[in-house]
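Proteins get letters first, then strands, A, B, ... in listed order; numbering begins at 1 in each.
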Number of protein chains: 2
Amino acid sequence: MTDAALAPSDAPVAATRSVTARALSILGVFSMERPSLTLSEISRATGLPVATVYRLAGELEEGRFLDRDEDGRYSLGLYLWEMGMLTPVHGRLREIAMPFLLNLQYTCRETVQLAVIDGIDAIYIEKLSMVESAPVQSRIGARIPLHATGVGKALLAFSSPTFVDTVLGMPLMRFTDETTTSRHTLAKQLAQIVDDGYARSRAEYLVGSTSIAAPVLVSGVVKAAIGIVNYEDTNLDEWAPALLHASQALGARLEELRWGTKEEKK
Amino acid sequence: MTDAALAPSDAPVAATRSVTARALSILGVFSMERPSLTLSEISRATGLPVATVYRLAGELEEGRFLDRDEDGRYSLGLYLWEMGMLTPVHGRLREIAMPFLLNLQYTCRETVQLAVIDGIDAIYIEKLSMVESAPVQSRIGARIPLHATGVGKALLAFSSPTFVDTVLGMPLMRFTDETTTSRHTLAKQLAQIVDDGYARSRAEYLVGSTSIAAPVLVSGVVKAAIGIVNYEDTNLDEWAPALLHASQALGARLEELRWGTKEEKK
DNA sequence: AACACTTTTTTCATTGAGTGAAAGCACCGC
DNA sequence: GCGGTGCTTTCACTCAATGAAAAAAGTGTT
């Protein structure tokens with residue numbers, strides 16, 4: 001990505017008038033690709049005048065939301081990470097899921113992942129891998145399409161019909177030759193997944209990657225999905241029983257812990 | 001914690017005049033103990049007028065920094081978690097450390113933890129446990145004293161003399177009967193730890209918990225510490241070789257990856 | 001070492017975004 | 001129906017945020 005991509009013309013972004021929104025938009029310009037930025041880069045990326053960014057970034061730094069290294073480059077602060085750890089996805093889901101994921105990982109020794117739905121994407125909440133295999137696409141925090149991965153399809157298959165319709169109503173992006181882009185085929189696959197209890201995916205999102213994934217159901221609604229992936233294109237079905245056991249056990253545990261959460265209204 | 005603890009009188013907190021600082025202070029009132037709050041609770045906790053909190057929280061919600069459930073309660077938003085994942089501790093440390101931690105966990109099957117220094121505390125960055133053993137004190141994101149835990153002492157022992165002096169200069173809080181509170185004794189322990197290459201701790205912070213921990217050195221400076229803990233008071237020294245292997249391998253890996261970081265200036 | 005260029009920091013007069021008291025609603029429990 | 005509490009909206013006032021501009025500090029080129 002060149003600097004030109006951040007030219008003011010490309011950034012009608014923060015046409016917002018409110019101070020708060022401006023400050024938040026500063027935090028928003030950091031990304032996996034650009035984990036640290038200079039003052040003027042932020043200014044260009046947000047479309048805000050340097051002087052304004054200077055002041056706001058200063059306040060964010062004061063609040064420990066931003067760090068500034070000796071070169072003057074800004075990066076997201078540790079405090080932000082600490083807050084992330086207070087978030088429900090972490091405290092109420094990842095924390096509780098961890099022992100189940102570890103046990104599963106221990107059993108099959110493949111990469112294990114946990115994902116949830118956010119908007120019309122899936123997000124990886126956790127990924128346990130004993131090797132440094134990490135293709136960028138499957139980093140923790142990464143957003144991935146619901147129609148083209150194991151966990152995605154597991155999440156979708158057990159979602160409400162109206163939500164499925166919404167997703168099927170949108171263009172199904174193609175990522176590889178194997179990506180399912182036909183609504184009809186996908187619908188059939190989803191039905192099959194419900195039948196089987198788990199989803200399979202081969203090279204639909206990333207060439208060479210294979211996965212199986214099962215939903216985590218709490219009182220009948222999908223809260224997450226657990227997946228097993230590898231990047232060697234070997235068959236994973238032998239692990240289906242272990243996967244199902246883990247996802248069901250986690251679901252049961254979450255149900256047990258539903259200390260007064262009234263989320264079933266949804 | 002009663003609600004009285006949040007009474008206005010206790011909260012001269014946000015005497016700040018700046019809008020940004022006010023908005024950020026709203027995020028700051030969420031904690032492990034209070035992961036979700038109502039509008040008026042936030043108002044009391046921050047000392048800001050309800051109307052102000054109403055507006056600011058509304059903007060934070062718009063920016064997806066806060067979530068609001070159907071009951072109107074606010075909680076920290078998923079976006080905040082996503083940002084946490086972009087933070088250096090996650091992307092540059094945890095991500096890289098994970099395979100090493102998993103391998104260690106796989107070897108010894110005890111709880112494995114990763115911690116770094118922040119200010120004069122240690123912070124747990126990761127904790128891998130196959131059982132739901134989690135005492136609140138050792139949650140990921142929790143701050144713990146440098147003088148009273150395995151990872152803490154490992155971090156401290158390999159820190160710069162000036163930093164050690166700073167920490168020894170502060171009151172060493174007592175947590176259990178076993179906590180080392182004498183500067184002199186602690187200094188001797190630290191020297192011993194440097195000699196041994198790893199730290200030991202028994203019930204110094206939490207009764208019944210035992211741990212060993214080794215520093216992760218990158219170009220000779222401590223960047224983190226890896227620890228093995230259990231809560232059954234059994235001896236862990238048998239795992240010292242595996243622990244040292246993991247921490248050294250991680251250190252080497254981090255050194256290898258230091259793509260242009262000029263942190264050695266420090 | 002002087003020059004052209006970029007980035008960061010500081011200043012300051014101007015103004016409109018943020019403010020919060022107060023009133024209006026909504027929702028309890030009694 | 002009636003106090004009590006919490007959430008939302010309004011609005012006149014004002015002070016904090018603004019950003020152009022100048023100064024300062026750095027970076028690279030000839």
*Asks:* State whether B:S18 places a side-chain N or O below 4.0 Å from either non-bridging phosphate oxygen (OP1 or OP2) of D:dA16.
*Replies:* no
*Asks:* What integer distance in Å separates A:L56:CG from C:dT8:P?
*Replies:*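 Nearest whole value for this atom pair: 15 Å.
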*Asks:* 5'-most contact on DNA chain D: A:V19 or A:A51, nearest heavy atom basis?
*Replies:* A:V19
*Asks:* Answer yes or no: is there a donor N or O on one side and an acceptor on the other, between the side chain of A:R73 and the main chain of A:S36, under 3.5 Å?
*Replies:* yes
*Asks:* Does OP1 or OP2 of C:dT8 have a side-chain N or O of A:S40 closer than 4.0 Å?
*Replies:*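 A:S40 to C:dT8 OP1/OP2: side-chain N or O found under 4.0 Å.
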*Asks:* In whole angstrom, give the distance that lies between atom CZ of A:R17 and atom C1' of C:dA17.
*Replies:*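 Rounded to the whole Å, the gap is 10 Å.
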*Asks:* Considering heavy-atom distances to DNA chain C, does A:Y74 or B:T52 have its closest nucleotide positioned more toward the 5' end?
*Replies:*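 Its nucleotide being nearer the 5' end, the pick is A:Y74.
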*Asks:* Given that A:G72 and B:P49 both sit by DNA chain C, which one's nearest nucleotide is further toward the 5' end?
*Replies:*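 Looking at DNA chain C, the more 5' nearest nucleotide goes with A:G72.
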*Asks:* Around atom CD of A:E62, are there more than 12 heavy atoms from other residues, nucleotides or ligands closer than 6.0 Å?
*Replies:* no
*Asks:* Within this structure, what is the CG-to-C1' distance between B:L39 and C:dA26, rounded to whole angstrom?
*Replies:*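 Distance check: B:L39 CG to C:dA26 C1' gives 14 Å.
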*Asks:* Take the protein atom OH of A:Y54 and the nucleotide atom P of D:dA25, then report the distance between them rounded to whole Å.
*Replies:* 12 Å
*Asks:* Is the closest side-chain heavy-atom distance between A:W81 and B:I123 below 4.5 Å?
*Replies:* yes
*Asks:* Between A:T149 and A:G152 (side chain of the first, backbone of the second, donor and acceptor by atom type, cut-off under 3.5 Å), is there such a pair?
*Replies:*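 Yes, because the side chain of A:T149 sits within donor-acceptor range (under 3.5 Å) of the backbone of A:G152.
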*Asks:* To the nearest angstrom, how far is A:R73 atom CZ from D:dG26 atom P?
*Replies:*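 The distance from CZ of A:R73 to P of D:dG26 comes to 17 Å, rounded to the nearest Å.
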*Asks:* Ignoring backbone atoms, establish whether A:R55 has a side-chain N or O less than 4.0 Å from OP1 or OP2 of C:dT9.
*Replies:*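 No, because none of the side-chain N or O atoms of A:R55 sits under 4.0 Å from OP1 or OP2 of C:dT9.
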*Asks:* Provide, to the nearest angstrom, the distance between the CD atom belonging to A:E61 and the C1' atom belonging to C:dT8.
*Replies:*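 Answer to the nearest Å: 13 Å.
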*Asks:* When you measure from the side-chain N and O atoms of A:R22 to the phosphate of D:dA16, is any distance below 4.0 Å, counting only OP1 and OP2?
*Replies:*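 No, A:R22 has no side-chain N/O under 4.0 Å of OP1/OP2 on D:dA16.
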*Asks:* With sugar-phosphate meaning primed atoms plus P, OP1 and OP2, does A:R68 contact a base, only sugar-phosphate, or nothing at under 4.0 Å between heavy atoms?
*Replies:* sugar-phosphate
*Asks:* Between A:E126 and B:R94, does the salt bridge (Lys or Arg N to Asp or Glu O under 4.0 Å) criterion hold? Intermediate values first, please.
*Replies:* CA-CA 12 Å; A:E126 186 53 88; B:R94 194 214 99 123; 2.9 Å; yes
